[in-house]
Amino acid sequence: MRRGISIAAAVTVVALTASACGGSDDDSSSKPKDPKDVSGTITYWDTSDAATEAPTYKALVKQFEAKYPKIKVNFQSVPFTDVEQKFKSAAKSGKGAPDVVRTDVGLMAEYASLGYIAPLDGTPALKDTSDFAATPLNTAKYNGKTYGVPSVTDTLGLLYNKKLLKQTGIANPPATWDEFIADAKTIKEKTGAYGTYVNPDSYFLLPLLYSNGADMADPSAKKITISDDAAVKALTTAKQINDQASMKVDFANAYQNMQAAFKNGKVAMLIQGPWSVADTLSGTAFKSDQANLGYAPVPAGAGGRAQAPTGGHNLAVYQGSGNLDASYLFTQFMTSTESQVAIAKGTGTLPTRQSAYTSAVTSDPKVAGFKSILDKTARPRVALPQVGSLFTPLQQNYVKILQGDESVKNGLDATAKEFQKLLPGYSIG
């Protein structure tokens, strides 16, 4: 997962708002009331896949420029893996930052706390907010303000091979983690296929934490909760799944091997996101029968909870932009219902506006399947600037627990101590 940056860097940001470094020649102190009077050039950093998704975004940029002929958009494709450090470096130095950036929802709190992105409440960027699904909109909020506009969303769900479950006599996908383990054992016994393949990435651990009432931290109480009883229960279940229900995990190449095993019918169930579906459908288990791929919410844990993290991307406006007016208009246009419909149809991603789920969009089984999952189980990650950094020690100790090199309790206690270094003023438990 992504690593964070020291909040001390926020000191540098004070000067940024006074100097326009977003690639525009316009004076942002002039606030035209009529959008048709807004002019100038803005730079947009797009992190969608350059080959398969960016053409859809480029087409929308051309439509925006046709609607607002006085505004020119400098479209730049920036790899998703590079954009975080590139944007933070540019924003910190005040040199070369874009006016608008497509950003992972997990980075919103950090960017906002550092003063790198502008609050958008009351600006034209935020239009018809009641149309946004509540969970994606919440990913853009920090300390009571809204710092982004939701563009696309996703979550984790249970993908399953319908034929393998049917061969086993399982009528419905498992609704609880206990059922998940039991069904996995039955599948292996009756078909020879493994029930699942554990993804040792700590992001994929979140459904187990959430479903047992656990989380990494509680900002309101300033407490680290990753080692409390609920978290111990969650990790104990994760260990049971690994030991009793999973194909042997290759920790050096887990994701690729997990995908290969599932799409070729060697594994019956996976906790996965919509980004994996295109690859899954290329496998021998689904290529000739795409309807064989089933979609269900993640299983529930203690108390009947079934929850998974909300992912996706928001559009954020650089605090130091030299043309905030044009940036607001561009952000509004790119997140409108019409644009989200075009994005969903062109890229297969899920919209954040309810009105964008047209019949043409939901005719895609993946969109329809994950839309139902989003409505039932998606929730925001804890809104901490350091949340990206917390995944690193959690990942390290999660792997040790799965491999049997550390007990659940000792591994989580070690994680909590590492969290304390990243969360000054927080107590454990």
Side-chain angles (χ1 to χ4, degrees), residues 1-4 104-110 135-136 138-139 153-159 174 176-177 180 196-219 223-242 246 249 254-255 258 269-276 296-313 350 370 373-384 386-399 401-402 408 411-412 415-416 418-419 422-423:
M1 298 300 292
R2 299 177 178 82
R3 296 193 64 81
D104 183 275
V105 299
L107 295 169
M108 296 300 297
E110 182 181 7
T135 303
N138 283 338
T139 67
T153 190
D154 62 55
T155 191
L156 294 174
L158 175 65
L159 302 186
T176 69
W177 293 112
F180 184 79
T196 192
Y197 192 117
V198 168
N199 188 334
D201 187 310
S202 54
Y203 180 76
F204 289 76
L205 174 63
L206 292 181
L208 274 157
L209 288 173
Y210 295 163
S211 67
N212 282 282
D215 205 336
M216 294 191 285
D218 179 358
K223 284 188 176 181
I224 294 165
T225 58
I226 194 59
S227 58
D228 65 12
D229 290 344
V232 170
K233 170 61 177 172
L235 268 291
T236 299
T237 302
K239 177 65 171 165
Q240 290 171 341
I241 293 171
N242 180 76
S246 177
V249 176
Y255 189 90
M258 174 188 72
M269 303 178 290
L270 279 190
I271 303 301
Q272 258 293 20
W275 56 81
S276 70
V298 295
R305 297 183 184 90
Q307 294 183 319
T310 302
H313 294 84
L350 279 76
F370 270 97
I373 293 169
L374 279 163
D375 291 342
K376 293 175 182 177
T377 63
R379 53 158 283 184
R381 281 166 268 178
V382 61
L384 282 169
Q386 304 92 335
V387 68
S389 301
L390 299 180
F391 282 99
T392 299
L394 178 57
Q395 169 84 23
Q396 294 167 346
N397 288 294
Y398 181 38
V399 169
I401 290 169
L402 292 179
V408 169
L412 290 180
T415 303
E418 291 298 316
F419 279 16
L422 298 165
L423 297 171

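Note that this is a predicted model, so its numbers are computed, not measured.
- Side-chain atoms of Glu418 never come within 3.5 Å of backbone atoms of Leu390 as a donor-acceptor pair (strictly under, hydrogens ignored).
- Using modelled atom types and a 3.5 Å distance limit, the side chains of Thr415 and Asn397 yield a donor-acceptor pair.
- Once rounded to the nearest 0.5 Å, the distance linking OG of Ser202 with OH of Tyr398 reads 8.5 Å.
- Summarising the geometry of Phe419 relative to Pro393, their closest heavy-atom pair is CE1-CG, 3.7 Å, with the distance given to 0.1 Å.
- Across all their heavy atoms, Pro380 and Asn138 have their closest contact at CG-CB, 3.8 Å.
- For the pair Thr176 (side chain) and Ala300 (backbone), a donor-acceptor distance under 3.5 Å is absent.
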| task | Check step by step if salt bridge (charged side-chain N to carboxylate O under 4.0 Å, His left out) holds for Arg379 and Asp215. | result | CA-CA 12 Å; Arg379 53 158 283 184; Asp215 205 336; 2.9 Å; yes
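- Contact check for Met216 versus Thr225: no side-chain heavy atoms found under the 4.5 Å cut-off.
- Side-chain atoms of Gln386 never come within 3.5 Å of backbone atoms of Leu423 as a donor-acceptor pair (strictly under, hydrogens ignored).
- Considering every non-hydrogen atom in both Trp177 and Ile241, the closest pair reads CE3-CD1, 3.6 Å.
- Crowding of Asp375 atom CG: a count of heavy atoms from other residues, nucleotides or ligands under 6.0 Å exceeding 12.
- Taking the six-membered ring for Trp and thresholds of 30 and 60 degrees, Trp275 and Phe204 have ring planes more than 60 degrees apart, a perpendicular arrangement.
- Rounded to the nearest 0.5 angstrom, Ile271 CD1 and Tyr203 OH are separated by 12.5 Å.
- Between Asp154 and Leu350 the shortest side-chain heavy-atom distance does not fall below 4.5 Å.
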| query | What do the steps show when you test Phe370 against Thr153 for side chain to side chain contact (heavy atoms under 4.5 Å, CB included), and what is the final call? | reply | CA-CA 10 Å; Phe370 270 97; Thr153 190; over 6 Å; no
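- The OG1 atom of Thr155 lies 13.0 Å from the NZ atom of Lys376; values are rounded to the nearest 0.5 Å.
- Between Leu235 and Leu209 there is a side-chain heavy-atom pair separated by less than 4.5 Å.
- No side-chain heavy atom of Gln307 sits less than 4.5 Å from a side-chain heavy atom of Val298.
- Inter-residue side-chain proximity for Leu394 and Ile226 is flagged as met; some heavy-atom pair is nearer than 4.5 Å.
- Heavy atoms only, all atoms of each residue included: Pro299 and Pro174 are closest at CG-O, 4.2 Å.
- Side chain of Ser276 to backbone of Gln272: no donor-acceptor contact under 3.5 angstrom is found.
- At distances below 3.5 Å, not a single donor-acceptor pair connects side-chain atoms of Lys223 with backbone N or O atoms of Asp218.
- Taking both residues in full, the closest heavy atoms of Thr310 and Val105 are given as O-CG2, 3.6 Å, listed atom of the first, atom of the second, then distance.
- In this structure, the side chains of Ser389 and Thr392 stay at 4.5 Å or more apart for every pair of heavy atoms.
- When all heavy atoms are compared, the tightest approach of Leu205 to Ala238 is CD1-CB, 4.1 Å.
- Under the 4.5 Å side-chain criterion, counting only non-hydrogen atoms from C-beta, Leu158 is not in contact with Leu270.
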| task | Under the side chain to side chain contact (heavy atoms under 4.5 Å, CB included) rule, what do Met269 and Leu159 come out as? Steps first, then yes or no, please. | result | CA-CA 6 Å; Met269 303 178 290; Leu159 302 186; over 6 Å; no
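- With hydrogens and angles disregarded, a donor-acceptor distance shorter than 3.5 Å links the side chain of Asn212 to the backbone of Leu208.
- Between Leu156 and Leu206 there is no side-chain heavy-atom pair separated by less than 4.5 Å.
- Annotation for Lys233: atom NZ does not count as buried by contact number, only 12 or fewer foreign heavy atoms lying within 6.0 Å.
- Side-chain N or O atoms of Arg381 include none that pairs as donor or acceptor with a backbone N or O of Val387 at under 3.5 Å.
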